[in-house]
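A short write-up of the structure that comes next.
Computed from a prediction, not measured in an experiment: that's the story for all the values here. Any value given below was found using the heavy atoms of this structure, including those in side chains, with hydrogens, waters and symmetry copies removed. In each ligand, atom 1 is the first atom listed, and ligand 1 is the first ligand listed.
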Amino acid sequence: MLENSCLFVEGGHKLSGEVTISGAKNAALPALAATLLAPGEYQFFNVPWLVDVQTMLDLLCRLGAQYETTNEVLYVDTSKAQDTQAPYEIVSRMRASVLVLGPLLARHGRAQVALPGGCPIGKRPIDFHRKGLELMGAKIRIEHGYIMARAPRRGLSGAEIIFDFPSVTATENLMMAAVLARGRTVIRNAAREPEIVALGAMLKQMGAKIEGLGTETLVIEGVKELSPTKVSIIPDRIEAGTYLMAPGITGGEIVVKKAEPAHLETVIATLREIGLKIEVDGDQIRSQRGKQLKPVKIRTAPYPGFPTDLQAQAMALLSTVKGTSVIVETIFENRFLHVEELCRLGANITVEGRVAVIQGVKRLQAAPVKATDLRASASLILAALGAEGITEISDIYHLKRGYEAICQKFGNLGARIWEAPCRNYP
Ligand code: UD1
């Protein structure tokens, strides 16, 4: 990335062509953390090359692991991963670093993980992770900004855990802790995201005993030991959903390749309701604008509901759909930071609490805008693709955390999008 670079998007070009979906960031991160559960060499395929993945690899290295990459494969070797401290310097770069807490505690009986700190989209506490581990026998205190966790001498033991809310990373953390605990752990109101099912499948390949994957009750029988494995990362449903929305804004027709349509059922249903023509053929999904788009009401919810990670992008699309749309954000209390930026592009959106009301406008207009978080960045690109003129997007480092080669991928579809030194931002 160029220093102080911005993304420039010239709107008004129809998109057409094919785009290949990368591996899912949110599946790669827990899969990498799981390598701490058993020493040895792992092989990963379809890993997206993203800053967040690099951060998790940096963290694993800090804990004593090593890695190597070729074009196709990421090799991770945790034979010498003996350290148990995840430092603030790394955790502060990425909240998902907390995913090493469960594996470290389960395998080494102790872990010191820096508290992740603030997050613009909401409070994002880690109390579910903490309570679950405590129920499994861990002693946890917060000291000097670190979660200091210790398992009893005989290790963690199975427990009955009931989540107040189906948290994704808390389910993953506790599942990873439970696979090496003594006895049976039951996690109720567990999250059901495809990334959790994928992690469960990896753990089972390693020798874990897990039942109920993809349901709200997980039953895990602890085993003494696990062994390394080979994993192919599942396709990124958020990246796929982002590209599927694009023709709704720009017109044209695109084919999303190497996706997993089964993970996108609610998203596809919503896009069809808006009036996009979506056709599924194996792992390919064709998206076309359709004649007349309609406003809709969207409510984000845990999987299989509409993903909060596609809320900002859907808002960009609805900004240009005639009529009144409503989006209710139920997962994070402050995930409307993109609204002001979309309004700078000419959108007409008002927010009250967790509800955004969108009055579709005929045309958006280019303006300098700021990316406020990862998914907000993608929504600004979508909006800019449909806006008149050249939009300059600053703070694009967020994008590199979660969208692989986005300029190149949109460019191949006919978009005019490039990175260059900022003009409007010092
Ligand atoms: C994961 C995803 C993120 C996505 C989110 C919701 C990864 C790496 N990140 O984040 O992209 O936006 O799921 O689909 O997979 N909560 C608590 N206490 C806790 C944990 C969570 O109150 O201990 C609350 C959160 O504040 C939030 C809600 O639960 O309001 C859901 O958050 P959660 O599912 O935990 O999100 P993450 O796992 O952090």
Quiz item: Hey, looking at atom 37 (P) of ligand 1, which of N173, T169, N334 has the closest heavy atom?
Solution: T169
Quiz item: Are there more than 12 heavy atoms of other residues, nucleotides or ligands under 6.0 Å from atom CZ of R184?
Solution: no
Quiz item: Do you see a donor-acceptor pair shorter than 3.5 Å between the side chains of Q313 and S379?
Solution: no
Quiz item: Has ligand 1 got any nitrogen or oxygen that is less than 3.5 angstrom from a nitrogen or oxygen of E172?
Solution: no
Exercise. Check whether any heavy atom of H129 sits under 4.0 Å from an atom of ligand 1.
Key: yes
Quiz prompt | ligand 1 contact on F128 by region, counting heavy-atom pairs under 4.0 Å | solution = both
Quiz item: Taking only residues at least two apart or on different chains, which pairs with a member in residues 54-67 satisfy salt bridge (Lys or Arg N to Asp or Glu O under 4.0 Å)?
Solution: D58-R93, R62-E89
Quiz item: Can a non-hydrogen atom of R335 be found less than 4.0 Å from any atom of ligand 1?
Solution: yes
Quiz prompt | Side-chain (S377) to main-chain (I396) donor-acceptor, under 3.5 angstrom | solution = no
Practice problem: From atom 30 (O) of ligand 1, work out which of L374, D52, T330, I331 has a heavy atom at the shortest distance. | Solution: I331
Practice problem: Go through the structure and list residues passing ring-ring contact (aromatic ring centres under 6.0 Å, His included) with F128, not counting sequence neighbours. | Solution: F163
Quiz item: Relative to ligand 1, is A170 under 4.0 angstrom through side chain, backbone, both or neither, heavy atoms considered?
Solution: neither
Quiz item: With backbone taken as N, CA, C and O and side chain as the heavy atoms from C-beta onward, which portion of E329 lies under 4.0 Å from ligand 1: side chain, backbone, both, or neither?
Solution: neither
Practice problem: Say whether D127, considering both its backbone and side-chain N or O atoms, lies within less than 3.5 Å of an N or O atom on ligand 1. | Solution: yes
Self-check item: Within 6.0 angstrom of K409 NZ, more than 12 heavy atoms from elsewhere
Solution: yes
Self-check item: Short N or O distance, F332 and ligand 1, threshold 3.5 Å exclusive
Solution: no
Quiz item: Side-chain donor-acceptor pair under 3.5 Å between S79 and E41, yes or no?
Solution: no
Quiz item: Backbone, side chain, both or neither: what part of V168 comes under 4.0 angstrom of ligand 1, heavy atoms only?
Solution: both
Quiz item: Can you name the closest pair of heavy atoms from H338 and T372 and give their distance?
Solution: N-OG1, 4.0 Å
Quiz item: Quick one: which ligand 1 atoms are inside 4.0 Å of a heavy atom on T308?
Solution: 6 (C), 12 (O), 14 (O)
Quiz item: Below 4.0 angstrom, N of the basic side chain to O of the carboxylate: do E160 and R188 qualify?
Solution: yes
Quiz item: Near D309, which atoms of ligand 1 are under 4.0 Å from a heavy atom of that residue?
Solution: 3 (C), 4 (C), 11 (O), 12 (O)
